[in-house]
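Remarks on the structure that follows.
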Number of protein chains: 2
Amino acid sequence: MARGRPPAFTRSQVVTAAIRVADSEGLEAVTMRRIASEIGAGAMSLYTYVPDREHLADLMVDAAAGEFALPEITGDWRADLLALLTVQRELMRAHPWIPSVLAGRQLAGVNLLRFLEHGLRALEPAGLPGVTRMTLLGLFTGFVTAYVTGERAGRTDARDGAEQIAAAVTSGQFPLLAAVLAEGGDPDLDFARIADWVITGLVDRAAAG
Amino acid sequence: MARGRPPAFTRSQVVTAAIRVADSEGLEAVTMRRIASEIGAGAMSLYTYVPDREHLADLMVDAAAGEFALPEITGDWRADLLALLTVQRELMRAHPWIPSVLAGRQLAGVNLLRFLEHGLRALEPAGLPGVTRMTLLGLFTGFVTAYVTGERAGRTDARDGAEQIAAAVTSGQFPLLAAVLAEGGDPDLDFARIADWVITGLVDRAAAG
DNA sequence: ACTGTTTTTGGTACAGCGTACGAAAAAGGG
DNA sequence: CCCTTTTTCGTACGCTGTACCAAAAACAGT
């Protein structure tokens, strides 16, 4: 068995290098040549392990998801879902490029399916039909994505697109926005609290029909 | 006044052409050369109207948002927010590439700020602090994005990544997922109902603290 | 030991990308 | 009529993904 020239690398090696580069330099730094040189391979050798660049990005997301252990199921669906969403948040905070790979698509890698299966288990005691549970889990992930995005924007927008907002506010076209920004106030809406609103609010109403 | 050679095109012309191409052939078909030839300009002439390709994408999102009129505010925040989210959904359905431009970032174009201002107005009767209102609106948008993404995935994944899911299901690693998929059942969770869960669930709990 | 067979490696090459640069063109002001 | 200002767009460069293919490296059978 094992005919042919033996592989000098592994798919996991490729994907891991790509994740490392994306984490430190952004997704646009992940080029085939760059990742190849990162592991000491020729550029074209990557194509033995990965069909193309787009597929590589998908594999990166799934591999990143695989880094995180899923919390035990306790049977308390509120707590279990909160724990799951907290892990998803950690995942996106650790790998800020994930939302842009996931955007507008729905991947089905093993580790992502693991998350989904876990969510279905957590939701079991709530007694909802299958389709509803699936839909809710998709929405939960959407919330986490939106929260993390807003969280990071709050940290960077202050320097980044601030002049655009400032101009808009001074223009007087957006009085409520201006008022809210003037009012300031610490965000201090911690993740656990909002996530609990989302979870409880949605599941309760879904159960009510 | 008006010194110098007069412009042969307008920024809006560029952005409109880019939107048309993105709508019919996807965002990756939006290249500088392509858009230029679309309006009959030389490739480099675009840079008079747009700083670079990334900025063009941002302008596309804002211009697309500008196509949609915002519904009247009635004072019933539940209905008003539902109407707003419905418009946002229409926007993303009309321009499926929007989520991938928005992913992981927070734009501040005039038309997007108009949406935000409108949401703040709709939320006024709910009597929430400014920061909370802002956060909720961000989450609502995240919900719409997730819903639309799931909606389209339901239509295309059946042909697209189905073999990946099928393999996972047959593997026996994901019993609950397998059960849910076997159970089938029409999604039939219409947007208005779920959006109302989200709105009411979140606002109620936010009001409760 | 030699000769297929099979697989991986990675160099070369190509089309297409964003865009820097600069000469030509087209307007108004003096 | 020329000077200044602005826009136009051809040319060019470095970078991208990746098709193609010869060379290399392993095993199987004789």
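Below, all heavy atoms of this structure are taken into account, side chains as well, without hydrogens, waters or symmetry copies. Worth saying up front: this structure is predicted, and the values here are computed from it rather than measured.
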Practice task
Can you establish whether the number of heavy atoms outside B:E72 located under 6.0 Å from its atom CD is more than 12?
Solution key: no
Are [X] and [Y] close enough for a salt bridge, meaning some N to O gap below 4.0 Å?
| X | Y | answer |
| --- | --- | --- |
| B:R193 | B:D190 | yes |
| B:D80 | B:R121 | no |
| A:E38 | A:R34 | yes |

Please work out if [X] contacts a base, only the sugar-phosphate, or nothing of the nucleic acid, heavy-atom cut-off 4.0 Å.
| X | answer |
| --- | --- |
| B:A36 | nothing |
| B:G42 | sugar-phosphate |
| A:T48 | base |
| A:A41 | sugar-phosphate |
| B:R3 | base |

Between [N] ([atom2]) and [X] ([atom1]): distance, integer Å:
| X | N | atom1 | atom2 | value |
| --- | --- | --- | --- | --- |
| A:E28 | C:dC17 | CD | C1' | 15 Å |
| A:F9 | D:dA25 | CZ | P | 13 Å |
| A:Y47 | D:dG17 | OH | C1' | 5 Å |
| B:H55 | C:dG18 | NE2 | P | 16 Å |
| A:R53 | C:dC17 | CZ | P | 16 Å |
| B:M32 | D:dT8 | CE | P | 13 Å |
| B:I35 | C:dG18 | CD1 | P | 9 Å |
| B:R5 | C:dA24 | CZ | P | 13 Å |

Completion exercise
Nearest-nucleotide check on DNA chain C, B:G4 vs A:S45; residue mapping nearer the 5' end is A:S45
Exercise for the section: Could you say whether A:M44 or A:A29 is positioned toward the 5' end of DNA chain D, judged by the nucleotide with the nearest heavy atom to each? Expected result: A:A29
Practice task
Could you tell me whether B:R89 sits above the aromatic face of B:Y147, with NZ or CZ closer than 6.0 angstrom to the six-membered ring centre and within 45 degrees of the axis?
Solution key: no
Problem - No-H, no-angle donor-acceptor pair, B:R33 side chain to C:dG16 base, under 3.5 Å - result: no
Handout entry: Distance test, side-chain N/O of A:Y49 to OP1/OP2 of C:dT9, below 4.0 Å
Key = yes
Handout entry: Given D:dT18, C:dT9, D:dT8, the nucleotide with the shortest approach to the side chain of A:A8
Key = C:dT9
